[in-house]
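First comes the structure, then the notes that go with it.
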Protein chains: 2
Amino acid sequence: MSAPSQVHNIAPPGKQQEKSAAMRRRICEGAVSCLSARGYHRASIKQVVDAAGVSLGALQHHFPTKDDLVEATAEFLLSRSVRWFQRAKLNINKDKDAFGAMIRRSWREQFTTEEYGALLEILVAARTNETLRKRISPTLKNWRRDIEIELRDLLPANDENADELEAILTIGRCMMTGLLVHDGLLGDELRMRNVVDAWVGLATGSSR
Amino acid sequence: MSAPSQVHNIAPPGKQQEKSAAMRRRICEGAVSCLSARGYHRASIKQVVDAAGVSLGALQHHFPTKDDLVEATAEFLLSRSVRWFQRAKLNINKDKDAFGAMIRRSWREQFTTEEYGALLEILVAARTNETLRKRISPTLKNWRRDIEIELRDLLPANDENADELEAILTIGRCMMTGLLVHDGLLGDELRMRNVVDAWVGLATGSSR
DNA sequence: TATAAAACAATATGATCATATTGTTTTGTC
DNA sequence: GACAAAACAATATGATCATATTGTTTTATA
């Protein structure tokens, strides 16, 4: 039962671990640009290798299967997204229309990006890939929870129903995702911005 | 300038054309089930051939390339969707909450179906496939226009702004699409229904 | 500094992909 | 019923895919 050497396992952040983490980040970034530019079904391991500028062996060492890579990329993207919301919240003027300002800013800086394009590819691919779906579901739930924690108090206090507040946040998130799928395809960016504005109006009840 | 034989081109709907149309429909239906079950990147021509129970040669005769097949499948799905809305509108009680009833029904019978799953795959694939995107964009625009025509007069007459009405319809459509991507993945159907209900509440202003 | 494991690299493999090719049957028109 | 075109069918081809295999270098610990 005694394990005296385990104390060494706690914090030896040697060169190897740093390099390893940097390599994993680099590969995930390559996967992101591949996924967003070419889509899931054309983002091959070979393409990721070329985009990241690493060898196939290196990628395989860190991510033995494609599902491993995609899962890691999803976690990479979702944790970055949470950090974005945490940082963005600090810069928001909480007095007037904090919620609207945050939604509009997240549309610009979160949804209409390469990163979210890659995430969309992963999410849609996971719909028809049970293995992948099971692997990213917990991460996805945590992401949703963490973001809702950040956004919750930006809406005017609603004593009616906590569920309604959560529904509003879900509608916004899903609406912007669908906007990318439907109208992003047609490329009418002005129209999309107007729709986002209209949603902010409805959600904050500015139209009475 | 005289073209006496052209009169024959107007309506010779012989056996061949009927068979051809039936075959195309059959292949598209096979493509739909493949796309929704396996996703775009795993829905190969071979899989479609097996699902539709036709030969590879037959498929190739009607759809020489995969893009041809996918484009035809998109048109097949979108025209069926428009017909659904036209039919559904006839059965709606126009007096009380016609809009909400229609949205809820379309969620059940349009969005949470194999057909919409297939369409979602095509739409997302088109985001990263310029050729496909250009081919289905016109059809997609017509679909949106036709559906908005059907839904427009179900909302309480809004004299404020015609754009706002269009925005509400867009938000609903995009929200339900995003709901499938985000929450459909997690499989919480009750939650999704609640979100749709919450949206109906917001859109029709029942929460004041 | 010896040694084992981690990290990276290059090439090989078998499966699957979209599509080309070639052949056969069915249909419409004269 | 001859004949051309449309419709369908079977097999072939080259590319690309994910991953297996094998070899080399770097790092950490003893």
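Below, chains carry the letters A, B, ... as their sequence lines are ordered, and counting in each starts from 1.
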For the side chain of A/M23, counting heavy atoms from C-beta on, which of D/dT19, C/dC8, C/dA18 is nearest? C/dC8
Grab the CZ-C1' distance between A/R26 and C/dA7 for me, whole Å please. 14 Å
Quick note, B/K46 side chain, CB onward, closest among C/dC17, D/dC8, C/dT19 is C/dC17
If you assign B/A58 and A/R38 each to the DNA chain D nucleotide with the nearest heavy atom, which residue ends up on the more 5' nucleotide? B/A58
Without decimals, in angstroms, what is the distance between B/R24 CZ and D/dC8 P? 11 Å
Show me the side-chain donor-acceptor pairs of residues 72-82 of chain A shorter than 3.5 Å, one per line, residues at least two apart or across chains.
unit_1, atom_1, unit_2, atom_2, d
A/T73, OG1, A/L69, O, 2.8
A/S79, OG, A/E75, O, 3.1
A/S79, OG, A/F76, O, 3.2
A/S79, OG, A/R83, NH2, 3.3
A/R80, NH2, A/E115, OE2, 2.9
A/S81, OG, A/Q110, NE2, 2.8
A/S81, OG, A/W143, NE1, 3.0

Report yes if the side chains of A/T170 and B/L179 come closer than 4.5 Å at any heavy-atom pair, otherwise no. yes
Which of D/dA18, C/dC17, C/dC8 is nearest the side chain of A/S55? It is C/dC8
Starting from C1' on D/dA9, measure out to CD1 on B/I27 and report it in whole angstrom. 12 Å
Could you state the NE2-P distance from B/H62 to C/dT19, rounded to the nearest angstrom? 17 Å
Rounding to an integer number of Å, can you tell me how far B/R42 CZ sits from C/dA15 P? 18 Å
Could you check whether any side-chain heavy atom of B/W199 comes within less than 4.5 Å of a side-chain heavy atom of A/L202, counting everything from C-beta outward? yes
Can you figure out which of C/dA20, C/dA18, D/dT19 approaches the side chain of B/Q60 most closely? C/dA20
Whether the side chain of B/R127 engages the backbone of B/I122 through a donor-acceptor N/O pair (distance < 3.5 Å, no angle test) should be reported. no
Under-4.0 Å side-chain N/O to phosphate OP1/OP2 contact, A/S44 with D/dT16: no
Rounded to whole Å, how long is the line connecting atom CG of A/L59 with atom P of D/dC17? 14 Å
Just how far, in rounded Å, is P of C/dT19 from NZ of B/K66? 8 Å
Whole-Å distance between C/dA15 P and B/I45 CD1? 22 Å
Side chain of A/H61 (C-beta onward), nearest among C/dA6, D/dC17, D/dA18: C/dA6
With a 4.0 Å cut-off on heavy atoms, is A/L56 in touch with a base, just the backbone sugar-phosphate, or nothing at all? base
Quick check against the 3.5 Å criterion: does A/E150 have a side-chain atom that pairs as donor or acceptor with the backbone of A/Q86? no
